[in-house]
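All chains are named by letter (A, B, ...) in the order of the sequence lines, taking the proteins before the strands, and each is independently numbered beginning at 1. The model shown is predicted, which means the values in this text are computed figures rather than measured ones.
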2 protein chains.
Amino acid sequence: MGAKTSREPLSRERTLAAAIALADTAGLKALTMRRLAADLGVEAMSLYYHLPGKEGLLDGLVETVINEINVEVKLAETTEDWRTGLRRRFLAAREIMLRHPWAPGLLSSRKTIPFGVYAYYDAIVGTLISGGFSHQVAHRALHAFGSLALGFAQEVFSPASAGGDTDVDAAEEDLSAMAEALPHLTAMMAAEAHDAADPTLGWCDSQVEFEFTIDLLLDGIARARG
Amino acid sequence: MGAKTSREPLSRERTLAAAIALADTAGLKALTMRRLAADLGVEAMSLYYHLPGKEGLLDGLVETVINEINVEVKLAETTEDWRTGLRRRFLAAREIMLRHPWAPGLLSSRKTIPFGVYAYYDAIVGTLISGGFSHQVAHRALHAFGSLALGFAQEVFSPASAGGDTDVDAAEEDLSAMAEALPHLTAMMAAEAHDAADPTLGWCDSQVEFEFTIDLLLDGIARARG
DNA sequence: ACCTGAACACCGTTCAAGT
DNA sequence: ACCTGAACACCGTTCAAGT
C-alpha cells in the first residue's frame, strides 16, 4: 500500500503484481490507474509505457490468475483416475480464487478470454476422453461444470465478489426483517444451525457445499458416460 | 434511444423502464446518468429527484428484473411435482435473463440483494420440502443449483454478459490460432460439429446444455433425497 | 529508454437557484 | 413539486516534452 521506494525501473510484471496486491487488499474498485501508480511511487502516465491502458491491465490480471491456477494444477499432476483428477483440479482452482476474491467477477465480465483458460479446459477434456467419455458427453460435462471448474460459483446470497465493503451487517438486518415473510428459508436456516455438529463453521459453510456440488456433478456425468 | 418528448413528469418507474431499455440496446456500460437523462429528455440532475443516485438506479434494475421473474413464475403456478415445478421455474427465469443479457453480471456484482431474490429462493425451498426433502438436502440443493436457479450460468467461453461489443470475430481468430495448441478442445469441437443433426443450431447450443445441466442436477438431488 | 505535466473528455454528485 | 446550471472531485487517456 505504501509507496515502494525502489530504484529499478518499472516493468509489466511489477505493475501486475502491485495491481493484484491492491485488488486483494482494497478491492477492484480501488484499482485505478492513478492509485496503482501512487502505490508504485510513480505518475499515472508512466503505466502506459508498460501496459496498453486500463483494459490491458485487467487482461493482465486475469491472465496472471489463470496462470497461477495452471501452475498449481501442473505441480500436482499424477496418475489418478479421471474423477479424482478433476476433483483435485477444481479444488486447486478454488484455492487460488479464494486468494483473489475479485477474480471470478472480473473473469466473467471480461470480453476477451486469455489463452490459459482454454488450456485449462483443454486439459479437462483430455482427462475426460482418457476416462472413456465421448466428445459429446465431455462437451456437456464442461457446460455442467461451468464456473465450478474454475473454482467458483455464483453465490447470489452473499456476493463478496464485487470488491468493496462486504455489507454483512445490512444483509443480516434485512434477513431478520424478512424472516416472517420467508417461512421456508427461515426454517431451513434454523434446522441447519441446529444440527451443525462442527461449531467452527458458520451455518452456511460454502466449502462443504462446493464439494457437495462437485461430487453431485461428477456422479451425474459418470452416469451419463454410458 | 431518441428523446421522448412527453409532458408528464418523470417518475421512478419511467426512469427504470428507460434504463432497462437503454441497457438492453446499448449495454450496461452505456447506462450513465447523463445519457439516461438525455434519453428521457431531461437533465442528469433531474434523475436525483426520483432515485437516490446511480447505485440506487442499479438496485432498481435488479429489483425490476427479479420481479419480472417472480411474476412470470407465479402466472404458471399449478399442481406439479417438485421436479417439473423446479424445471419450469428455472426455464422461466432463463427466458427473462435472455431478454436482459446484462442482468446476470449486474446481479452477481451487487452487494445488496433485493427481497425478490430471497422470495424466489424461498419458494424453491418450499417446493423441495413438500417434495419430501430434508432441510439439509434442500440447503445443499440450493447451492448446487446456484445461479442456474435464476436462469443463467457462468459462460466462461463466450461471455456476452458484460455489455459492450460482443467481440466474436476476435474470439474466433484467437480460437483458430490456438487450435493446434489445444488438441482436445479442437477434437471436441470437430466431433460436435459433425454429428449435429439439427442445422439451425450452432455447434454449441447453450439451451440444450442448460437443460442437460438442470436435469443432471435434479437427478442428483433426487438421489440425495434419501 | 523511461518518466512526467498539462490538458481533454468523460464520470457521479452537491448545492443553491429557478419555476 | 419538479427541474436546472454551475461547480467539484474524480476517472482514463493523449501528446508533447523532459532527462
Give me, pair by pair, the N or O atoms of the protein and of nucleotides 16-19 of chain D that are less than 3.5 Å apart, along with how far apart they are.
none

Mind listing the N/O atom pairs, protein and nucleotides 12-14 of chain D, below 3.5 Å?
unit_1: D:dG12; atom_1: OP1; unit_2: A:Met33; atom_2: N; d: 3.3
unit_1: D:dG12; atom_1: OP1; unit_2: A:Lys54; atom_2: NZ; d: 2.9
unit_1: D:dG12; atom_1: OP2; unit_2: A:Met33; atom_2: N; d: 3.2
unit_1: D:dG12; atom_1: N7; unit_2: A:Arg34; atom_2: NH1; d: 2.4
unit_1: D:dG12; atom_1: O6; unit_2: A:Arg34; atom_2: NH2; d: 3.2
unit_1: D:dT13; atom_1: OP2; unit_2: A:Tyr48; atom_2: OH; d: 2.9
unit_1: D:dT13; atom_1: OP2; unit_2: A:Lys54; atom_2: N; d: 2.7
unit_1: D:dT13; atom_1: O5'; unit_2: A:Tyr48; atom_2: OH; d: 3.4

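A straight line from CD of A:Glu43 to P of C:dG5 spans 5 Å, rounded to a whole angstrom. One atom, CG of B:Leu10, and another, C1' of D:dT4, lie 13 Å apart when rounded to the nearest Å.
Secondary-structure annotation of DNA chain D gives the stems C:4-8 with D:12-16, C:12-16 with D:4-8, with a stem taken as at least 3 successive Watson-Crick or G-U pairs whose two distances both fall under 3.5 Å.
Looking at B:Asn70, its side chain does come within 3.5 Å of a backbone N or O of B:Gly116 through a donor-acceptor pair. Side chain of B:Tyr120 to main chain of B:Ala149: a donor-acceptor pair is present (N/O by atom type, distance under 3.5 Å, no hydrogens or angles).
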(request) Show the numbers, then the answer: is there a side chain to side chain contact (heavy atoms under 4.5 Å, CB included) between B:Ile214 and B:Phe210? (result) CA-CA 6 Å; B:Ile214 284 185; B:Phe210 186 84; 3.1 Å; yes

In residues 54-62 of chain A, what donor-acceptor pairs under 3.5 Å come from side-chain atoms, sequence neighbours left out?
unit_1: A:Lys54; atom_1: NZ; unit_2: A:Leu31; atom_2: O; d: 3.3
unit_1: A:Glu55; atom_1: OE1; unit_2: A:Arg110; atom_2: NH2; d: 2.5
unit_1: A:Asp59; atom_1: OD1; unit_2: A:Arg110; atom_2: NH1; d: 2.7
unit_1: A:Asp59; atom_1: OD1; unit_2: A:Thr112; atom_2: OG1; d: 3.4

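Atom CG of A:Leu185 sits about 10.0 Å away from atom OH of B:Tyr121, to the nearest 0.5 Å.
A:Met97 and A:Ala103 get closest at one heavy-atom pair: SD-CB, 3.7 Å.
The closest side-chain donor-acceptor pair between B:His135 and B:His139, if any, does not fall under 3.5 angstrom.
Shown here are the ring-ring contact (aromatic ring centres under 6.0 Å, His included) partners of A:His100, two or more places apart in sequence or in another chain: A:Trp102. The ring-ring contact (aromatic ring centres under 6.0 Å, His included) test applied to A:Phe90 returns A:Phe145, not counting sequence neighbours.
For B:Tyr49, a side-chain nitrogen or oxygen approaches OP1 or OP2 of D:dC2 to under 4.0 Å. For the OP1/OP2 pair of D:dC3 and a distance below 4.0 Å, the side-chain nitrogens and oxygens of B:His50 include at least one atom meeting the criterion.
The closest side-chain heavy-atom distance from A:Leu16 to A:His50 is not below 4.5 Å.
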